[in-house]
Amino acid sequence: MALSTNPYKGTRDFYPEDKRFQNYLFSVMRKVVERYGYQEYETPLIEPLEMYLAKTSSEIVNDQTYVFDDRGGRKVVIRPEMTPSVSRILAAKRQDLAYPLRWYCIANVWRYERPQKGRLREHWQLNVDLFGVAGIEGDHEIIAIADSILKAYGAKSSNYSIKVNSRKLINHILIDYLELEATQVSGLMKLIDHMHKIEYAEFATEVDMLINPSQREAGTGKKLLNLLKVNSIYDLPADLKSYESVANLQRLFTMLEKSKIKNFDFDITLMRGFDYYSDIVFEVYDTDPSNNRSMFGGGRYQGLVELFGARPVDSVGFGMGDVSLANFIEAHGLTPKLTLGVDLFVALAGDVYLKAQPLLKDIRGMGINIAVDSSGSKLDKQLKSASKQSYKFVLIIGEKELDSEQYTLKNLQTGEEEKHSIERIVSIVKDNRTSRKDGLLS
RNA sequence: GUGUCCAUAGCUUAGUGGUAAAGCUCCGCACUGUGGUCGCGGCGACGAGGGUUCGAUUCCCUUUGGACACCCCA
């Protein structure tokens, strides 16, 4: 019985054409975040288990991590997310670093779950974090970056919408305004998060079940249901409008508009899963019906560096996964045509491998990427192979060419064939390379 | 972790209670310095284990793998 060629469940093999696409995704991310002044970092794939026990959602830690004992008996985890790791390395140099600090990474993370559309066991995610900005300006920058990245892939504003909420506001509403118990709040937040996945009547019933009799008499449930219908901060009751979070949201929205971002909405039902979010949260939704789901999001969080004994840092950031991003790009027809990194395929006619070496070295020296067919196959086989590998140019080198120093350049797409000096050929190939539309940003 | 659907050549699919058909790919021929089109020929499959049956690729169970939804999240 032969071994399976399938990759491990929920993981992907990246054949060169897949890797080319992934490199494209990553290069756009890098380009944009670096334009905002962010610097790349990297941390190990494995971390001690304790790092995740405190702050990552309990479901992820208990059911969705790859945990094992190393040979020394230490409990280790394959990272399910990056935030604890960034917080660790930030905490280690808390006093030495200059703020605002702008960091990003593109890292693979692992979660043990059942694969489905847009979700695998291993995926890569861009993590962008801004540290040391307490004001809403920081939240604005992070959302603006998320928007810029999607635009850099060629997306239009109508392709996605940005939903924004404030955890602080929600807490204020539930605890201070509606005077609900702490035990009720967590249940309600979970329920509100699912509001759009269930029937409204069912939702209302479930809300009612979480309300105790005296609150019911005071009309708390009704008040909450009415609040959840609010689509704009202007529609909030006057008592709430004066709360500082609302003013903060107002400032954020003005900033977004000033940055020419219009496709955002206040969504009072937006919660997000991670427990460590403390104030502004946002989520980007794909508007295409085939893929109408939350693509990615982020928000403001506090206190993770405290786990490592460092003084708190104001933190705001987001994570963007490559799988749902690829779905988005696909759904909106934004997939670019990517070209090979090889400029020239060299076919050898006859036994000239040895004699061609000085020439091949010269060509590479002139900055041309060449793949030499050293198989010794007949010319027709070599051309067939070149064609199958979708090379555009083939350089044919045989005794005739070496003697005359006029080499045959064949364009496999047009079938045209010309004889030129090697300098001319290099120049033709280079011209073609700079004019190719591969979607990569220069 | 729960649920629904699926599993036939390298790939994409057809089909049957009596061991399977096609397209594409691949290999070969039409040859030896010219690929993609066309022609001819060839290799090659019922995911695994068990049960029912004279006989199972087909029906049933288990298992593995895949797709999607829930949970959760990127």
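Residue numbering restarts at 1 for every chain, and letters A, B, ... go by the order of the sequence lines. Any value given below was found using the heavy atoms of this structure, including those in side chains, with hydrogens, waters and symmetry copies removed. Computed from a prediction, not measured in an experiment: that's the story for all the values here.
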Ring of A:Phe282, cation from A:Lys163 - is the NZ or CZ under 6.0 Å from the centre and inside 45° of the axis?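 No, a cation-pi geometry is absent between A:Lys163 and A:Phe282.
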
Any N or O donor-acceptor pair under 3.5 Å from the base of [N] to the side chain of [X]?
X: A:Glu113; N: B:A74; answer: yes
X: A:Ser387; N: B:G35; answer: yes
X: A:Glu401; N: B:G33; answer: yes

Within the pair [X] and [N], is there a side-chain N or O less than 4.0 Å away from OP1 or OP2?
X: A:His194; N: B:C71; value: yes
X: A:Lys388; N: B:C26; value: yes
X: A:Lys9; N: B:G66; value: yes
X: A:Lys197; N: B:C71; value: yes
X: A:Lys410; N: B:G35; value: no
X: A:Arg114; N: B:C68; value: no

Heavy atoms under 4.0 Å, any strand shown: does [X] hit a base, just sugar-phosphate, or nothing?
X: A:Glu399; result: base
X: A:Gln413; result: base
X: A:Gly118; result: base
X: A:Gln382; result: nothing
X: A:Gln116; result: base

Can you tell me the base-pairing partner of [N]? Count Watson-Crick or G-U wobble geometry only, both distances below 3.5 Å, and say none if there is no partner.
N: B:G44; answer: none
N: B:C72; answer: none
N: B:A21; answer: B:U13
N: B:U34; answer: none
N: B:U4; answer: B:A67
N: B:C29; answer: B:G39
N: B:A56; answer: none

Does CD belonging to A:Gln389 count more than 12 external heavy atoms closer than 6.0 Å?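 Yes, CD of A:Gln389 has more than 12 neighbouring heavy atoms, counting only those of other groups under 6.0 Å.
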
Above 12 or not: heavy atoms from other molecules or residues under 6.0 Å from NZ of A:Lys151?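 Yes.
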
Indicate yes or no: does [X] engage [Y] in a salt bridge with an N to O separation below 4.0 Å.
X: A:Arg424; Y: A:Glu418; result: no
X: A:Arg102; Y: A:Glu141; result: yes
X: A:Glu40; Y: A:Arg30; result: yes
X: A:Glu283; Y: A:Arg272; result: yes

Pairwise [atom1] distance for [N] and [M], with rounding to whole Å:
N: B:G44; M: B:A9; atom1: C1'; result: 5 Å
N: B:U57; M: B:U13; atom1: C1'; result: 16 Å
N: B:C27; M: B:G36; atom1: P; result: 12 Å
N: B:C11; M: B:A74; atom1: P; result: 35 Å
N: B:C60; M: B:U4; atom1: P; result: 15 Å
N: B:U16; M: B:G49; atom1: C1'; result: 23 Å

Which residue lies more 5' along RNA chain B, comparing A:Arg119 with A:His123 via nearest heavy atoms: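 Checking each residue's closest nucleotide, the 5'-ward one belongs to A:Arg119.
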
Of A:Lys400 and A:Tyr8, the one whose closest RNA chain B nucleotide lies more 5':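 Looking at the nearest nucleotide for each, A:Lys400 comes out on the 5' side.
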
Out of B:A67, B:A74, B:U34, whichever nucleotide has its closest atom nearest the side chain of A:Pro115: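 Comparing B:A67, B:A74, B:U34 against the side chain of A:Pro115, the answer is B:A67.
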
Given B:A67, B:U34, B:C72, which nucleotide is nearest the side-chain atoms of A:Ile396?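 From the listed options, B:U34 comes nearest.
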
